[in-house]
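Some notes on the structure that comes next.
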Number of protein chains: 4
Amino acid sequence: MGEERRVGAGDEPLSRTANPTKRADARRNEKALLDAAASVFVTDGVDAPVRRIAAEAGVGMGTIYRHFPTRADLVVAVYRHQVDACAEAGPALLATAASPFVAMTRWVNLFADFLVTKHGLAAAMRDDHDGFTALHALFLDRLVPVLADILAAARDAGEVKADLTAYQLLRAIGDVCAGAERVDPAYDARLTVQLLLDGCRQR
Amino acid sequence: MGEERRVGAGDEPLSRTANPTKRADARRNEKALLDAAASVFVTDGVDAPVRRIAAEAGVGMGTIYRHFPTRADLVVAVYRHQVDACAEAGPALLATAASPFVAMTRWVNLFADFLVTKHGLAAAMRDDHDGFTALHALFLDRLVPVLADILAAARDAGEVKADLTAYQLLRAIGDVCAGAERVDPAYDARLTVQLLLDGCRQR
Amino acid sequence: MGEERRVGAGDEPLSRTANPTKRADARRNEKALLDAAASVFVTDGVDAPVRRIAAEAGVGMGTIYRHFPTRADLVVAVYRHQVDACAEAGPALLATAASPFVAMTRWVNLFADFLVTKHGLAAAMRDDHDGFTALHALFLDRLVPVLADILAAARDAGEVKADLTAYQLLRAIGDVCAGAERVDPAYDARLTVQLLLDGCRQR
Amino acid sequence: MGEERRVGAGDEPLSRTANPTKRADARRNEKALLDAAASVFVTDGVDAPVRRIAAEAGVGMGTIYRHFPTRADLVVAVYRHQVDACAEAGPALLATAASPFVAMTRWVNLFADFLVTKHGLAAAMRDDHDGFTALHALFLDRLVPVLADILAAARDAGEVKADLTAYQLLRAIGDVCAGAERVDPAYDARLTVQLLLDGCRQR
DNA sequence: TATGAATGAGGATTCATTCAT
DNA sequence: AATGAATGAATCCTCATTCAT
């Protein structure tokens, strides 16, 4: 979707040399845009007016369209870092936790924290009808494999039900957190997540 | 603008003679409107354009505004019957089931069935930002007490965790089903509901 | 404009005999309508929604259209009595006042009082673009001759400028009062009327 | 969104070079909008449909909202020049006229000419219920002080009644002219203005 | 005759998207 | 490349007027 190349770290200097000055501006703008969008998504939702995001970033609207031709492109870019961080935490948790189920509990709570604290994320994935594929794909590509590994370990240890798939669980957590964005002191999404985790156990 | 009376056939023959015909059209239209809105809500969401609902019902737009001055009025009217039916099923289940937890399982599945099959309902409650209060109130008024009774019985029987509230559970189920509306063969909302129910058990 | 006949007083009993009962209902409605319209015109202006007038009168909207096919018909009917009363006061004032100019002053103030106290009247005449002719004609037919008589007497007595016409003065007073309907403690329409009267004097 | 600067031709050549073209379109549009609105206000009143003004100006509707977010903004902008010109004429008249009353007569006639020839202005001030404050304030801010000075001079010279305020007179003239917009060969608003001026004299 | 339900044109406003500068 | 002005489709809502009952 028109994102910059997923290059290895080493070739950066060359590409910068090839186009040294212009790229700096463009990068600054892209960064400003991502920050602005992240901020606006939280307060106004992923369907916030383009103009507001542009204003927040201090750039013209055309600049948004240049960097992110579709809204989905912007949405995905905004959340990619957070998704990456979440994905990368999985193996470490699995390696250090007392048991696979403990690792799973921790990772799921980490994921839920992402969704709830950086809220907008879960709702974005759920509501982003047009860019659904892109955002959904991001989640699936990055997170399902991570959770699948943890789940496989837990299943091998006999800690969770055998028929539980990573996608099923990931999706369940996502929906729960997506629905929890309206502030409501009487409702605690994290408690629901605990219930779900308890429900996953093999007895 | 309320519901028409669900009267037995035999009563009020005189008043019908006095004012026999006029209301028939209005009733037909209100019914058509409710059906049309229910249908459009499923495909286009509760924020669907008024014009589309009117067209679907085969009436003018003004007719919608006459019968349902605000969108919330229409949304609530559309879902009231279904909510009522669900509420009324609660006591019967509690009376006949083998145990309170069995009754709870059945009622929660009934509720989830409503949400999933008559979909739009759960999303409506979640998305209806403006009419949120009205729709939310409908759910709370009708369903929370029903589930609270069941839950109290289950708790008294030691079948469920002590700190679980009816609102918490109702909301969890609602969010899960609301997120499950996009068709996805790899995801089964009912399985998530089962996980939740399992997680509610006292062990 | 569909008004009832401009008949002499004597034939009323006959017409009532010809259509005794139905007419009673119709008259009641017409009276209610006139009262309601007068009241609504004051608060909401002559362009008030038909529905509001009907509601105020406690009749259906169709009834308004039956009695007063156009808005102008209703507006004229509402103000006819007041205009008549004003017209009828003219000769008496002229006969009893100390001088024609005194009579003119009194009558003009009477007219201004009508316009200001029963406000809506002046604005109605001014704003009623469509029914302009009808309402204007009402004023011209009834009031211009009355003021013309007074003015002629004053002119004959050498009290007012020779080139002043009844229509010119009537219109001036009307516009002044029409513009004065917005409440404004810093502005006194009656003072303006006095200035105008002073300005009419022959010196 | 303010007025463009009425700059002398020679200044800011550098900045124009730096950003030479872009603003030209916007200015052209703003000018076209003001001209179109002035024209449409005359024929259709200040409540004319936005679409009609846009069409008259040859721009999209959104362009009106960009330049003049509220109708009041547009109305005020349309009439500001004329009001300014009128205000600026006051001191000169007072300085050159044979007497303060002569100056007052001339200024009032100038004001009335504005109102009548550029008609719509008076009716705008009168009818613009929402933007009433803005337009009213424009008149009060600019014109009341000007007339107040003239009036004070005339009062000091013993030429006008002592209790006459600038606002009272301005408003009277305004209402007279506002009411005179319908073409009517039998009515001469300027004659009414003369009557008013005559009525202001101290005798 | 009276009612008031239904219609639908009319007008305001927002905002995604394009494109001249 | 960046800007932000312009466009106009989409949607909401009101209310005059008609007409079935």
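Below, chain A is the first sequence line, B the second, and so on; all start at residue 1.
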| request: Using atom CG of C:D44 as one end and atom C1' of F:dC15 as the other, report the distance to the nearest whole Å. | output: 14 Å
| query | Considering only heavy atoms from C-beta outward, does the side chain of C:L34 approach that of C:Y79 to under 4.5 Å? | reply | no
| note | Residue pairs passing the side chain to side chain donor-acceptor pair (under 3.5 Å) test with at least one member in residues 33-45 of chain A, sequence neighbours excluded, are A:K31-A:D35, A:D44-A:R52
| request: Nearest whole angstrom, please: distance from the C1' of F:dA6 to the CD of D:E30. | output: 14 Å
| request: Give a yes/no answer on whether the side chain of B:H67 brings an N or O atom under 4.0 Å of OP1 or OP2 in E:dA6. | output: yes
| note | So OH of A:Y65 and CZ of A:R71: to nearest 0.5 Å the spacing works out to 7.0 Å
| task | For E:dG4, take OP1 and OP2 only and decide whether either is under 4.0 Å from a side-chain N or O of B:R66. | result | no
| said: Give me the atom names and distance for the closest heavy-atom approach of A:A32 to A:A57. | reply: O-CB, 3.7 Å
| remark: To the nearest angstrom, the CD1-P distance between B:I53 and F:dC13 comes to 11 Å
Between the protein and nucleotides 17-19 of chain F, are there any N/O to N/O pairs under 3.5 Å, and if so, what are the atom names and distances?
from   : atom 1 : to    : atom 2 : distance (Å)
F:dT17 : OP2    : C:Y65 : OH     : 3.3

| message | Let's see if you can work this out: which of E:dA6, F:dA2, E:dA12 has an atom nearest to the side-chain heavy atoms of A:A26? | response | F:dA2
| task | Could you pick out which residue, A:V59 or D:V59, lies toward the 5' side of DNA chain F when each is mapped onto its nearest nucleotide? | result | A:V59
| field | Side chain proximity check, C:L74 to C:F41, heavy atoms < 4.5 angstrom | value | yes
| Under a 3.5 Å cut-off on both pairing distances, which runs of 3 or more consecutive Watson-Crick or G-U pairs involve DNA chain E? | E:2-21 with F:2-21
| remark: Taking for A:R52 and for D:R28 the nucleotide of DNA chain E with the nearest heavy atom, the one nearer the 5' end belongs to A:R52
| Contact under 4.0 Å: C:N29 side-chain N or O vs E:dA2 OP1/OP2 | yes
| Partner set under side chain to side chain contact (heavy atoms under 4.5 Å, CB included) for A:R51, not counting sequence neighbours | A:M61, D:R66
| request: Could you check how far CG of D:D73 sits from P of E:dT13, rounded to whole Å? | output: 12 Å
| field | Worked check of side chain to side chain contact (heavy atoms under 4.5 Å, CB included) between B:I53 and B:E56 | value | CA-CA 5 Å; B:I53 299 170; B:E56 180 81 15; 5.6 Å; no
| With side chains defined as the heavy atoms from C-beta onward, is the minimum distance between B:F68 and B:V76 less than 4.5 Å? | no
| Any side-chain N or O of A:T63 less than 4.0 Å from the OP1 or OP2 oxygen of F:dT3? | yes
| message | Tell me the interatomic distance from B:L33, atom CG, to E:dT7, atom C1', rounded to whole angstroms. | response | 13 Å
| What is the distance from CG of C:L74 to P of F:dA16, rounded to the nearest Å? | 12 Å
| Under the side chain to side chain donor-acceptor pair (under 3.5 Å) test, residues paired with D:D73 that sit two or more places apart | D:T70
| Interatomic distance, C:R27 CZ vs E:dT1 P [rounded to whole Å] | 13 Å
